[in-house]
Peer 1: 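Take this structure, written in structure tokens, and hold onto it; I'll ask about it next.
Proteins come first, then strands; the chains are lettered A, B, ... in the order of their sequence lines, and each starts at number 1.
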2 protein chains.
Amino acid sequence: MATSNTGVRTLLGSHRLPNPVPAGEYARCPATDVLRRVSDKWTLLLITLLGQRPYRFNELHRAVDGISQRMLTRTLRTLKSDGLVEREVFPTLPPSVEYRLTPLGVSLLEPLSALAGWAVDHHAEIEAARQRRT
Amino acid sequence: MATSNTGVRTLLGSHRLPNPVPAGEYARCPATDVLRRVSDKWTLLLITLLGQRPYRFNELHRAVDGISQRMLTRTLRTLKSDGLVEREVFPTLPPSVEYRLTPLGVSLLEPLSALAGWAVDHHAEIEAARQRRT
DNA sequence: CTGTATCCAACATGATACTG
DNA sequence: CAGTATCATGTTGGATACAG
């Protein structure tokens, strides 16, 4: 019971899938939900940066070459509303805002790094497969 | 040297990020590449199913409620060209085609399951954070 | 400094019809 | 059975200008 069955709703979380996988359930599958959230263009990089230390808005803007102001704001807002990042405003003049990982965000770092590690270890094989066209 | 520095190109694979993160490098970051590939709408589910046993095309179509023929084909083709899935044609009449995970695909299963497990364990917290609006 | 508002192009996905 | 072709739609992300 270390890993108890949390029910069919978890789908990809368990190793026992119903067959067929119900469309309505899959749409709310936690694993898919989290994976899709975390894999938009800038999220992984921002989480990784914030995993090192807190950053201010423009500091992130400078650190992440190529990100638009719009996407930086949008991505941070999403991370905050998901509870992975917290935002603290210092009422200085001009204002400064600091972003940091929440404990939930920190806990995500480990499985995310594991996947990143797999990617690094096996990217050459994937590249090779892609070369083999078709 | 168990985990040697594979260079700045790996970016998210190491825990030492350059600052600023170069735009051109990030675009080819293995971790981001893999994450984005694996997180499209059906890939995670298909990999999980194929992690249990080989499937035939229409068998997958029946197993995955809601997927269109077009997306099933497209997703399997992408998985194949990335070397995660292999496709075997049996020249019967009518033809039958079997899909199975390659060893590379199998090796992906572990870190992917770990992330899925995190999602299951923490999805309630994410949901709660979302309820708190803003 | 830390954003918001608008507009737009590219891409992902779905619906439907057709094929060897 | 195992696809391909075409068209329609929604979503993502970027450029630019403006604001407290």
Peer 1: Measure from the side-chain heavy atoms of A/N58 and tell me the nearest of D/dG13, D/dA2, C/dT2.
Peer 2: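 Per side-chain heavy atoms of A/N58, the pick is C/dT2.
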Peer 1: May I ask you to decide whether B/K41 forms a salt bridge with A/D33, counting only side-chain N to carboxylate O separations under 4.0 Å?
Peer 2: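 Looking at B/K41 and A/D33, the cut-off is not met.
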Peer 1: Between B/Y55 and D/dA2, is there a contact of a side-chain N or O with OP1 or OP2 at under 4.0 Å?
Peer 2: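 Checking D/dA2 against B/Y55, no side-chain N or O comes under 4.0 Å of OP1 or OP2.
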Peer 1: Can you check the B/E98 CD to D/dG3 P distance for me, whole Å?
Peer 2: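 Spelled out: CD on B/E98 to P on D/dG3 is 12 Å.
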Peer 1: Do B/R28's NZ or CZ and the ring of B/Y26 fall within the cation-pi criteria of under 6.0 Å and 45°?
Peer 2: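 No - B/R28 does not lie over the ring of B/Y26 by the 6.0 Å and 45° rule.
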Peer 1: Atom CH2 of B/W42 to atom C1' of C/dA12: distance rounded to whole Å?
Peer 2: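 Atom-to-atom, B/W42 to C/dA12, this comes out as 13 Å.
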Peer 1: Can you identify which nucleotide, out of D/dG20, C/dT13, C/dG3, has its nearest atom closest to the A/R77 side chain?
Peer 2: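 Within the option list, the nearest is C/dG3.
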Peer 1: Looking at the side chain of B/P94, which of C/dT2, C/dT13, D/dC1 is the nearest nucleotide?
Peer 2: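 Selected nucleotide (nearest to the side chain): D/dC1.
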Peer 1: Between D/dC1 atom P and B/E88 atom CD, what is the distance in whole Å?
Peer 2: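 Distance check: B/E88 CD to D/dC1 P gives 19 Å.
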Peer 1: Under 3.5 Å, is there an N or O donor on one side and an acceptor on the other linking the side chain of A/R70 and the base of D/dG13?
Peer 2: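 When only heavy-atom distances are counted, A/R70 does reach the base of D/dG13 through a donor-acceptor pair under 3.5 Å.
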Peer 1: Please compare A/M71 and B/Q69 by the position of their nearest nucleotide in DNA chain D and report the one closer to 5'.
Peer 2: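 The residue closer to the strand's 5' end, by nearest nucleotide, is B/Q69.
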Peer 1: A/L93 CG to C/dG3 P: how many Å, rounded?
Peer 2: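 Nearest whole value for this atom pair: 15 Å.
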Peer 1: How is A/T73 classified with respect to the nucleic acid when contacts are heavy atoms under 4.0 Å: base, sugar-phosphate, or nothing?
Peer 2: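 A/T73: base contact, heavy atoms under 4.0 Å.
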Peer 1: Could you state the atom-to-atom distance from CZ of B/R74 to C1' of C/dC11 in whole Å?
Peer 2: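 In whole Å, C/dC11 C1' and B/R74 CZ are 9 Å from each other.
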Peer 1: Which whole-number value in Å describes the distance from B/F57 CZ to C/dG20 C1'?
Peer 2: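 My rounded result for the distance is 15 Å.
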Peer 1: With B/F57, which of B/Q69, B/R62, B/E98 fulfils side-chain contact (heavy atoms from CB on, under 4.5 Å)?
Peer 2: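 Testing B/F57 for a side-chain contact (heavy atoms from CB on, under 4.5 Å) against B/Q69, B/R62, B/E98 leaves exactly one candidate, B/Q69.
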Peer 1: What is the distance, rounded to the nearest whole Å, between atom CZ of A/R62 and atom P of C/dC1?
Peer 2: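 A/R62 atom CZ is separated from C/dC1 atom P by 6 Å.
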Peer 1: Across the strands shown, which category fits B/F90 at heavy-atom distances under 4.0 angstrom: base, sugar-phosphate, nothing?
Peer 2: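 Here B/F90 touches no strand at all.
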Peer 1: Mind checking whether A/H122 and A/E127 have side chains closer than 4.5 Å, heavy atoms only?
Peer 2: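 When only atoms from C-beta onward are counted, A/E127 and A/H122 do not touch, as no gap falls below 4.5 Å.
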Peer 1: Quick one: A/R36 CZ to D/dT11 C1', roughly how many Å, whole number?
Peer 2: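 Atom CZ in A/R36 sits about 10 Å away from atom C1' in D/dT11.
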Peer 1: I want to check one thing: is the phosphate of C/dT2, taken as OP1 and OP2, less than 4.0 Å away from some side-chain N or O of A/R56?
Peer 2: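 For C/dT2, OP1 or OP2 has a side-chain N or O of A/R56 closer than 4.0 Å.
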Peer 1: May I have the list of side-chain donor-acceptor pairs in residues 105-115 of chain A shorter than 3.5 Å, sequence neighbours left out?
Peer 2:
{"from": "A/S107", "atom 1": "OG", "to": "A/L104", "atom 2": "O", "distance (Å)": "2.7"}
{"from": "A/S107", "atom 1": "OG", "to": "B/W118", "atom 2": "NE1", "distance (Å)": "3.0"}
{"from": "A/S113", "atom 1": "OG", "to": "A/L109", "atom 2": "O", "distance (Å)": "2.7"}

